[in-house]
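Data block below; observations after.
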Amino acid sequence: MATYADNHSHASDAHGHHDERPSGIKRWLFTTNHKDIGTLYLVFACIMFFVGGAFAMVIRAELFKPGLQIVDPGLFNEFTTLHALVMIFGAIMPAWVGLANWMIPMQIGAPDMALPRMNNYSFWILPFAFTLLLGSMFVPGGGPAGGWTLYPPLSLQAGNSLPMTVFAIHLMGASSIMGAINIIVTITNLRLKNMSLLHLPLFVWTWLITAYLLIAVMPVLAGAVTMLLTDHFFGTRFFSAAGGGDPVMFQHIFWFFGHPEVYILVLPAFGIVSEVIPAFSRKPLFGYDAMVYAVASIAFLSFIVWAHHMFTVGMPLAAQLFFMLSTMLIAVPTGVKVFNWTATMWRGSLSFEPPMLFALAFLFLFSIGGFSGLMLAIVPADFQYQDTYFVVAHFHYVLVPGAIFGIMAGVYYWLPKWTGHMYDMKLATWHFWLSAIFVNVLFFPQHFLGLAGMPRRIPDYATQFTDWNMVSSIGAFAFGLSQLLFPYIIWKCVRGGAKATDDVWEGSHGLEWLLPSPPPYHSWETAPTIQFGEEAGEYDPHAKH
Amino acid sequence: MQADDEERRRNIRRLAIGLALVALAFYVGFILLSVHRSHAGA
């Protein structure tokens, strides 16, 4: 755990005269300021969260009862595909990049990101990418309908939407890679000189590892969809068995990207929870080094487990065993993290403000997603669960109370710092309880449906599945409605409210809390003088004795 | 101080270009691997 003492005068004193900023639309179009770009990312992610959510509402309305009532099956398939693509690439990933933009420079004592112009480009690519993706719904043949995994030959049967989807994915990939390069370069070169890697805040650490994952796997997805494109338009036969290709090879390539992608979506949440739990337990994080090594181990393991997504394609027994055991191995570093968070709370002086509530819900509910993941890792069991609602329940437990609750914990933790105002705690607490209750009403019954054999991605179902589908849909509508509180709380907080103090939370700990609330437009123009660990007169496990 | 800044700028540029090349290598590498595996490059 990095401990430090602050012996510098407040950053704002040195910055006040530099606080001028451009105004109007130009400020947002041409900005190179990490806070502005962070805000753009977060607003974009919020809009996409509701677009993706709207698709989900239609899906759950259709599944409320058996038979076809609201959308035809083709449109249902488009909505399931777009729901996933929008939520993954439009909501969760941009939200993490937004949080990274806001917080990483402030947490490492840097004035801005290392490559500010590239930062601007990487954001402004996104609206074009998603206009292209969502616009594909209105071309002949409709939008992409083969699922977010884009498996050929199904995805190659799409109409004019295929090149639009592929180009949109290329743009999203370029944006992510530029963002990742920027984050790695910033952390490597712009952190305080005496801030060693093992003094980095956990959120910065998890993002550093996430950025490496992005650089390794986004090009792989880009390669896969490029080959889909050439198969469709230029006569190649990469994935066509008739032409000497192999459709299963696409699955291998896709999941070589796809599994690390899951960790790209969730690793930064580990970082946020590792910031929030110590703050509201008023104790340092238990096992800082173990946390760092656990995150790094999870990232490494994510590259050698991909085929657990495709056990049923038929593979040698040795491969099945390897991918089953390597998948189970992930439970070890994950267990380390869960035990460390629990040990951090042990005998702490706990309080339950909204960020802590979301972090605690993350801890419990993400673990449920982990347990169902372990069940899916067992090859013979997976043969039964494959393509059922059990899988849908599993990954939604990982991504909604996992990644999305992590984002909410982060926003509620840092919002007073960003705006200089306290938000409506009562309303945020309501937001938490409604979310936590209805996310379970929504997704828990899907375990039962899956175990009973209900297939995923089908708009109709046998009547014995009706009851749990109704419960799940009611949970979905209530969860969806309760999310409207989130932008309202943020909007209200941006507009005004009780003045936030600089350190905001009693137990908050880190460089960002040394800045005023709200921080100046350009923070840390002069590097702060900070003493870490032993220099600060506190025990430092990394210091040489 | 200025030399320090210059060195940092150089390091930033080098690392950014290096990482971009790694990304490009993954993109091209996986396509070439697929050409090899599928015997269907053209």
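Owing to the predicted nature of the structure, the values given are computational and were not obtained by experimental measurement. Reckoned from all heavy atoms, side chains included, excluding hydrogens, waters and symmetry mates.
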Inset, instruction - Select one option (side chain, backbone, both, neither) describing which atoms of I181(A) are under 4.5 Å from chain B's heavy atoms. - result: both
Inset, instruction - Test side-chain contact (heavy atoms from CB on, under 4.5 Å) on L19(B) and Y212(A) and set out the steps. - result: CA-CA 9 Å; L19(B) 291 168; Y212(A) 276 110; 4.1 Å; yes
Legend entry - Spatial distance of atom CD1 (I31(B)) from atom OG1 (T226(A)) [nearest 0.5 Å]: 4.5 Å
Legend entry - Partners meeting ring pair (Phe, Tyr, Trp, His ring centres under 6.0 Å) with F30(B) (sequence neighbours left out): F256(A)
Legend entry - Under the ring pair (Phe, Tyr, Trp, His ring centres under 6.0 Å) test, residues paired with H309(A) that sit two or more places apart: W255(A), H259(A)
Inset, instruction - Under the side-chain hydrogen bond (donor to acceptor under 3.5 Å, both in side chains) rule, collect the residues that match up with N182(A), sequence neighbours excluded. - result: none
Inset, instruction - Decide if atom OH of Y121(A) counts as having more than 12 heavy atoms of other residues, nucleotides or ligands within a radius under 6.0 Å. - result: no
Legend entry - Y151(A), OH: over 12 other non-hydrogen atoms inside 6.0 angstrom: yes
Legend entry - Residues of residues 185-193 of chain A near chain B, each having a heavy atom less than 4.5 Å away: V185(A), T188(A), N189(A), L190(A), K193(A)
Legend entry - Side chain to side chain, F26(B) and I215(A), heavy atoms closer than 4.5 Å: no
Legend entry - Nearest-0.5 Å distance, CZ of residue F239(A) to OG of residue S34(B): 5.5 Å
Legend entry - Where Y27(B) and P219(A) come nearest, the two heavy atoms and their spacing: CD1-O, 3.4 Å
Legend entry - Structural part of A20(B) lying under 4.5 Å from a heavy atom of chain A: both
Inset, instruction - Could you have a look at G173(A), A180(A), A216(A) and say which one has the most heavy-atom pairs with chain B under 4.5 angstrom? - result: A216(A)
